[in-house]
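Since the model is a prediction, treat every value here as computed from it, not as a measurement.
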Amino acid sequence: MAESTVTGPAYADVEVGTQLPPRSFPVRRETLVRYAGASGDFNPIHWNERFAREVGLPDVIAHGMFTMAQAVRVVTDWVGDPGAVVDYGVRFTKPVVVPDDGVGAVVEVSAKVAAKLDDDNRTVRVDLTATSAGQKVLGRAQAVVRLA
């Protein structure tokens, strides 16, 4: 049997309240076009400003699944292995508005260990907070992670 290569934090060393390193994720229009191509989601609210405004949005918005994926990077970077995330869910609360100004938007993500769930499986629940332009964009964002 091969030796484990887990390099993330050890379950025994992690306490409830442990803060994960926060991250900022820039989102520009070109990011959305690339994501649309990769995901196959070409909904015009993600690239066509005129259409987005016609349907009542303030501007083009980022894909929800893109925002969700960016947020969990805080967890996968901390644990060192995306496969260690055994469950992840969010509620989409506000869209990430991405103006066509050369700057775009920024998604700010922070996270903390909210609970130690299972000593035998070494799992913890991590609660995430994701904001953009001062508004919370994901609600009830939680990941269950297996630690070393």
Side-chain angles (χ1 to χ4, degrees), residues 1-43 45-47 52 55-99 101-148:
M1 181 177 233
E3 272 188 53
S4 173
T5 59
V6 176
T7 60
Y11 180 82
D13 297 336
V14 172
E15 300 294 330
V16 170
T18 298
Q19 297 285 328
L20 282 61
R23 295 266 320 260
S24 296
F25 300 100
V27 185
R28 295 182 17 193
R29 293 280 178 96
E30 69 186 50
T31 311
L32 301 182
V33 171
R34 290 174 192 213
Y35 182 81
S39 69
D41 181 353
F42 293 101
N43 187 324
I45 64 173
H46 303 303
W47 57 269
V55 299
L57 295 168
D59 206 330
V60 165
I61 62 170
H63 303 74
M65 296 302 284
F66 171 81
T67 305
M68 185 178 176
Q70 293 296 81
V72 81
R73 287 177 58 190
V74 168
V75 176
T76 60
D77 287 352
W78 174 66
V79 77
D81 177 10
V85 177
V86 296
D87 190 40
Y88 177 48
V90 307
R91 280 188 21 240
F92 301 107
T93 56
K94 297 276 185 192
V96 175
V97 178
V98 184
D101 60 2
V103 176
V106 176
V107 177
E108 304 280 349
V109 183
S110 61
K112 70 177 179 179
V113 174
K116 291 183 99 167
L117 301 176
D118 183 348
D119 290 346
D120 291 336
N121 288 314
R122 304 177 323 273
T123 54
V124 298
R125 189 186 84 225
V126 176
D127 291 353
L128 298 95
T129 301
T131 61
S132 183
Q135 295 196 23
K136 193 171 181 180
V137 296
L138 298 177
R140 197 160 165 78
Q142 299 179 333
V144 174
V145 184
R146 182 169 291 115
L147 301 179

Query raised in the report: What residues, two or more places apart in sequence or in another chain, satisfy salt bridge (Lys or Arg N to Asp or Glu O under 4.0 Å) together with Arg122?
Result: none

Requested in this report: Using modelled atom types only, decide if a donor and an acceptor are shared between the side chain of Ser39 and the backbone of Tyr35 within a distance under 3.5 Å.
Outcome: yes

Report task. Look only at the side chain of Trp47 and the backbone of Leu32, and say whether a donor-acceptor pair between them is shorter than 3.5 Å. Result -> no

**Report entry** Atom of Asp59, atom of Arg29 and distance for their closest heavy-atom approach
**Finding:** OD1-NH2, 2.7 Å

Query raised in the report: With sequence neighbours excluded, what pairs up with Tyr88 under the side-chain hydrogen bond (donor to acceptor under 3.5 Å, both in side chains) test?
Result: none

Requested in this report: Report yes if some heavy atom in the side chain of Val113 is under 4.5 Å from a heavy atom in the side chain of Glu15; otherwise report no.
Outcome: no

Report task. Measure the shortest side-chain to side-chain distance between Trp78 and Val14 over non-hydrogen atoms and say whether it is less than 4.5 angstrom. Result -> yes

Atom pairs and distances, side-chain donor-acceptor, residues 60-72, under 3.5 Å, sequence neighbours left out:
| residue | atom | partner | partner atom | Å |
| --- | --- | --- | --- | --- |
| His63 | NE2 | Asp41 | O | 3.2 |
| Thr67 | OG1 | His63 | O | 3.2 |
| Gln70 | OE1 | Arg73 | NH1 | 3.2 |

Report summary line: Residues passing the side chain to side chain contact (heavy atoms under 4.5 Å, CB included) test with Arg125, sequence neighbours excluded, are Ala114, Ala115, Leu117, Asp127, Gln142

Query raised in the report: Counting only heavy atoms not in Lys116, do more than 12 fall under 6.0 Å of its NZ?
Result: yes

Exercise answer: donor-acceptor pairs, residues 128-141 side-chain atoms, under 3.5 Å, sequence neighbours excluded:
| residue | atom | partner | partner atom | Å |
| --- | --- | --- | --- | --- |
| Ser132 | OG | Val106 | O | 3.0 |

Requested in this report: Determine which pairs satisfy ring pair (Phe, Tyr, Trp, His ring centres under 6.0 Å) with at least one residue from residues 118-148, sequence neighbours left out, and list them in order.
Outcome: none

